[in-house]
Structures are given as C-alpha cells and as structure tokens.
Visitor: 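Below are the structure tokens for one structure; questions will follow.
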There are 2 protein chains.
Amino acid sequence: MGKESNILHQRGGARGRIMDIAQEAVLAKGFEATSIEEIVAAAGITKSGFFYHFPDKTALARALLERYLEQEEAIFDDVFGRAAELSDDPLQILLIALKLLAEVVENLPEGHPGCLVATTAYQDRLFDAEVRALNREGVAAWSARFKGYLEQVVALYQPKRPVDLDDLADMVTGVCEGGIVLQKALGDRTAMARQILLLRTFIAMLFK
Amino acid sequence: MGKESNILHQRGGARGRIMDIAQEAVLAKGFEATSIEEIVAAAGITKSGFFYHFPDKTALARALLERYLEQEEAIFDDVFGRAAELSDDPLQILLIALKLLAEVVENLPEGHPGCLVATTAYQDRLFDAEVRALNREGVAAWSARFKGYLEQVVALYQPKRPVDLDDLADMVTGVCEGGIVLQKALGDRTAMARQILLLRTFIAMLFK
DNA sequence: CCGTCAACTGTACCGCGGGTCCAGTTGGAT
DNA sequence: ATCCAACTGGACCCGCGGTACAGTTGACGG
C-alpha cells in the first residue's frame with residue numbers, strides 16, 4: 001500500500017520515531033496510559049511494525065530509559081566540558097556549569113518536558129528489577145559525577161559549614177527533579193532554571 | 001496524621017479505605033495502571049460499591065488530590081505550630097520547622113510514600129482542567145505559606161546574598177519533591193530528610 | 001537479473017479489565 | 001414498620017496488550 005510521505009518518516013527510521021512519540025506521551029500521561037495504538041498511529045506505522053522493533057511494551061520502557069540516561073550524560077558532558085574550557089578553577093567550573101545548565105533548560109522552547117527517571121521512580125511497580133536497577137544506577141551515576149566535581153572543589157576551598165558531599169551531590173539531581181515538578185505543577189516553564197540558579201547561589205555561598 | 005482515615009474505616013465504611021488503597025497504588029504505579037478491580041478487591045467491596053462512592057475514576061483522582069492537599073496543610077500547620085512554640089524568632093522558627101519536617105519524614109516507617117502533587121503533575125494529560133487547577137493552587141498555597149515565613153525572616157535578617165523570595169519559597173517544595181524522587185529512584189528512605197536538612201543549612205547560611 | 005534480507009503491512013484473533021447500567025438487598029436509625 | 005444509605009450481583013461493550021503468521025517492498029550484493 002502507498003506509504004504516507006512524511007519527511008520525518010525518512011529520517012532515523014521508525015524505531016527512533018516510536019521512542020520519541022512514546023517518551024513525550026509517557027512524560028505527560030504515564031507509561032500504562034500510553035497505548036501502543038496511539039504510538040503507532042502517531043508514528044504512521046502499524047501495530048505489527050511496533051512489535052517488529054520491541055518484543056513487548058516493557059522492552060520499550062527499558063529502551064526509553066537507556067536512551068534517556070545516555071542523552072542526559074551527553075548534556076552533562078557538554079555543559080561541564082564547556083565550563084572547563086572557560087576556567088581552570090574547580091569551583092568556577094562548577095558554577096559556570098550550573099549557569100549553563102540553567103540556560104540549556106531555559107532555552108527549551110516548551111520548557112523541560114519532564115524526566116524519565118522521575119516518571120519511572122513514581123511508577124516502579126510497573127517495571128521489573130532490571131528497569132528499576134537501571135534507574136537507580138542512572139541517578140547514582142549523576143550523583144557520582146557531581147560528587148567528583150565537588151571533591152575537586154573541597155580540595156581547594158574550605159566549606160563555610162560542614163556538609164555531606166554525597167547529600168550535596170544528590171541535591172543537584174534533586175533540585176533538577178524538584179524544579180521539573182514545580183514547572184509542571186505550576187505551569188511555569190522558568191521554574192526549573194530558577195531553582196538551578198538558586199542552588200548555584202547556595203553552592204557559591206558555601207565555598208566562598 | 002492519617003489516623004482519621006483509620007477511624008473512618010471503622011465508622012464510615014469503604015470510601016476512606018478505597019482512597020487509602022488507591023493512593024498507595026497510584027504513588028507506586030501511576031493512576032491509569034491502578035485498576036478499579038484491584039482497589040475493590042483490596043478494600044473487600046465490589047465494583048458496584050466503588051461506583052456508588054465515585055461517579056467515575058476521575059472523581060477518585062480529584063478526591064485523592066483534595067484530601068492529600070488538606071493532609072499536607074495539616075502537617076505544615078503542625079510542624080510550624082510546634083516550631084512557633086519553641087521560639088519567637090522567625091528565622092529560628094523556620095529552621096526548627098525544617099528540622100521537625102525532616103524528623104517527621106524520617107520517622108515514616110517505609111519512608112515517604114510519594115507526593116500526589118508530583119504524580120499528578122507527571123500525568124496531567126490524564127486529568128481535566130479542574131484537577132490541574134487544584135494541583136497548581138495546592139503548590140501555590142505551599143509556596144505562599146513559605147514565602148510568608150520568609151518575609152518575616154527578611155524583616156529581621158539581611159540575606160548575605162540577593163535571592164528572590166519566591167524562588168526560595170518554591171525551593172522548599174522543590175527540595176521535598178526532588179528528595180522524594182531521589183528516595184524512590186535510589187531506594188534510600190533517608191534521602192528526603194537529608195535533602196531537607198541540607199536546604200536548612202543553606203537557609204541558615206543565607207541569613208546568619 | 002536474481003536472491004536475500006530488513007523492515008515493515010494486513011488480518012484475524014484472544015482475554016483482561018475499565019466503565020456503564022440497573023435492579024435487588026441489607027442493616028441500622030427513626 | 002419504614003426508609004435510606006450503603007452496598008451487591010450480574011450483564012454488557014469495547015479498547016488495548018499481545019499473539020500468530022503470511023504477504024509486501026525496496027535496497028543491495030553477486
């Protein structure tokens with residue numbers, strides 16, 4: 001039968017399109033509420049096409065989370081990489097990176113669409129141990145990254161108050177996640193960026 | 001404290017039980033994934049019994065959110081009320097209240113079960129404008145409360161850095177929400193309390 | 001020019017469960 | 001004895017996840 005020609009169809013194949021559509025829907029409605037039928041309708045394929053790419057719906061969930069974690073790592077690599085080109089001082093790098101992160105988030109046209117880690121955490125009884133482990137390790141990797149930067153900071157700067165570096169590293173993730181919830185609940189697309197910048201102020205205050 | 005719902009179990013009947021069971025499931029699986037059949041099975045009633053209490057599933061969502069917001073207001077009233085009995089200084093009251101809040105959260109046996117506001121925000125396409133408005137106003141009310149306390153603080157204490165009071169008020173909510181996500185994702189029931197205490201440290205640092 | 005393979009389509013089917021409708025029952029207060 | 005709130009019972013529709021499998025299409029290598 002004649003293929004409906006959408007330019008998007010040609011680029012990247014159906015698998016990526018399925019995942020893009022599914023991710024958007026999952027972040028707005030939850031995983032169970034996102035039906036395979038609506039995904040394939042929006043992707044311009046058939047149900048059979050879906051099951052060619054994913055053995056079942058849980059495989060889609062796993063693939064979404066894996067891809068999301070990779071994308072986030074890439075964003076952090078980019079932001080901290082750009083920050084490291086602008087300064088040699090670990091504290092400055094961290095503060096610049098947080099500024100850049102706030103900018104990245106603010107420049108998203110519709111605001112941050114939501115974090116798959118948060119949705120997964122709030123629906124973890126839907127998923128198997130593998131997906132839950134993936135989520136746990138994803139967050140742990142973020143915290144480990146931030147803790148690494150913080151350790152470089154405390155090697156040079158004495159914190160004004162005693163703080164647990166693990167908690168502070170977790171707070172970077174936590175403020176992002178909380179900022180997204182605020183943004184979605186309040187319908188205010190600038191909330192997340194403002195929360196990141198406020199955390200940045202606190203970190204600046206803590207070390208100088 | 002949630003004891004009222006237990007009383008309701010014995011006196012009133014199934015409505016409170018339905019809501020308790022539904023809330024636990026919604027916070028662990030999402031709204032759509034929580035089936036009416038599992039709720040009524042756990043509550044020991046029939047499907048017809050459910051629809052006697054709620055015209056449809058969305059009415060359950062609205063009732064859950066309304067009750068949740070009231071319960072949270074009661075917790076904040078309690079925590080800030082107890083804090084106000086221990087000091088007359090607005091900053092001390094705020095710091096004591098945050099400490100008490102961390103204690104309340106830490107003493108929950110299974111950790112914080114999750115925030116309905118966050119689940120609702122992450123599934124808002126499931127709900128109508130009324131539920132979304134309820135969620136927005138609930139968060140706005142929390143922020144307004146915290147901003148009120150902060151205004152009393154800045155009337156006496158000069159912040160060490162310029163901060164937007166609205167953003168700081170939002171951050172109390174945001175850190176709680178982010179802390180819950182961390183807790184769920186990491187499987188660490190102490191994460192939320194530690195995040196609240198770290199925010200407390202930052203606020204203390206900001207004002208003295 | 002042919003064969004192969006990946007990437008699908010088309011069709012038929014199953015079972016579960018959300019949701020609707022409504023008629024009937026029960027136990028406690030008045 | 002009556003009334004009503006709080007249910008029960010059962011029939012029904014349909015959307016959706018998932019299965020099964022045969023057929024189609026177009027690019028590419030030999």
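Just so it is clear, the values below take in all heavy atoms, side chains as well, and ignore hydrogens, waters and symmetry mates. Labels below follow one simple rule: chain letters A, B, ... track the order of the sequence lines, proteins then strands, and each chain is numbered from 1.
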Visitor: Check ring-ring contact (aromatic ring centres under 6.0 Å, His included) between Y68(B) and all other residues, then give those that pass, not counting sequence neighbours.
Guide: none
Visitor: Calculate the interatomic distance between R17(B) atom CZ and dA6(D) atom P; express it in whole Å.
Guide: 13 Å
Visitor: Mind checking salt bridge (Lys or Arg N to Asp or Glu O under 4.0 Å) for R189(B) and listing every partner two or more places apart, or none if nothing turns up?
Guide: none
Visitor: Any pair with a residue in residues 100-127 of chain A that passes side chain to side chain donor-acceptor pair (under 3.5 Å), sequence neighbours left out, goes on the list, sorted by first then second residue, please.
Guide: R125(A)-E24(B)
Visitor: Side-chain atoms of residues 59-67 of chain A: list all donor-acceptor pairs with protein atoms under 3.5 Å, sequence neighbours left out, distances to 0.1 Å.
Guide:
residue: R67(A); atom: NH1; partner: D20(A); partner atom: OD1; Å: 2.9
residue: R67(A); atom: NH2; partner: D20(A); partner atom: OD1; Å: 3.2
residue: R67(A); atom: NH2; partner: Q23(A); partner atom: OE1; Å: 3.3

Visitor: Return the set of residues passing ring-ring contact (aromatic ring centres under 6.0 Å, His included) with F31(B) (not counting sequence neighbours), or none when no residue passes.
Guide: F127(B)
Visitor: Only counting residues at least two apart or in another chain, list the ones meeting side chain to side chain donor-acceptor pair (under 3.5 Å) with K29(B).
Guide: E38(B)
Visitor: Does any pair with a residue in residues 164-177 of chain B pass salt bridge (Lys or Arg N to Asp or Glu O under 4.0 Å), and if so which ones, sequence neighbours excluded?
Guide: R194(A)-D167(B), K147(B)-D166(B)
Visitor: Atom CD of E38(B) and atom C1' of dC16(C): how far apart are they, to the nearest Å?
Guide: 14 Å
Visitor: Find the distance F54(A):CZ to dC8(C):C1' and express it as a whole number of Å.
Guide: 14 Å
Visitor: Where along nucleotides 9-14 of chain D does protein come under 4.0 Å, by heavy atom, of base (B) or sugar-phosphate alone (S), with - for untouched nucleotides?
Guide: BB----
Visitor: Check the side chains of D56(B) and T58(B) for a donor-acceptor pair under 3.5 angstrom, ignoring hydrogens and angles.
Guide: yes
Visitor: Can you give the dot-bracket line for DNA chain C, where a pair is Watson-Crick or G-U wobble with both atom distances under 3.5 Å, crossing pairs use [ ], and | marks a partner on another strand?
Guide: ||||||||||||||||||||||||||||||
Visitor: In residues 22-37 of chain A, what residues come within less than 4.0 Å of DNA chain D, judged by heavy atoms?
Guide: T34(A), S35(A), I36(A), E37(A)
Visitor: Using OP1 and OP2 only, check whether a side-chain N or O of H53(B) sits under 4.0 Å from dA6(D).
Guide: no
Visitor: Report the residues that fulfil salt bridge (Lys or Arg N to Asp or Glu O under 4.0 Å) with K99(A), sequence neighbours left out, ordered by chain and then residue number.
Guide: none
Visitor: Got a list of side-chain donor-acceptor pairs under 3.5 Å for residues 43-51 of chain B, not counting sequence neighbours?
Guide:
residue: T46(B); atom: OG1; partner: G49(B); partner atom: N; Å: 3.3

Visitor: Does a nitrogen or oxygen in the side chain of Y52(A) sit under 4.0 Å from OP1 or OP2 of dA7(C)?
Guide: yes
Visitor: How many Å lie between CZ on F51(B) and P on dA6(D), as a whole number?
Guide: 18 Å
Visitor: Could you check which of dT8(D), dG17(D), dG19(C) has an atom nearest any side-chain atom of K57(A)?
Guide: dG17(D)
Visitor: Rounded to whole angstrom units, what separation is found between the CZ atom of F50(B) and the P atom of dT20(C)?
Guide: 10 Å
Visitor: Which label fits Y149(B) and F80(B): parallel for a plane angle under 30°, tilted from 30 to 60°, or perpendicular past 60°?
Guide: parallel
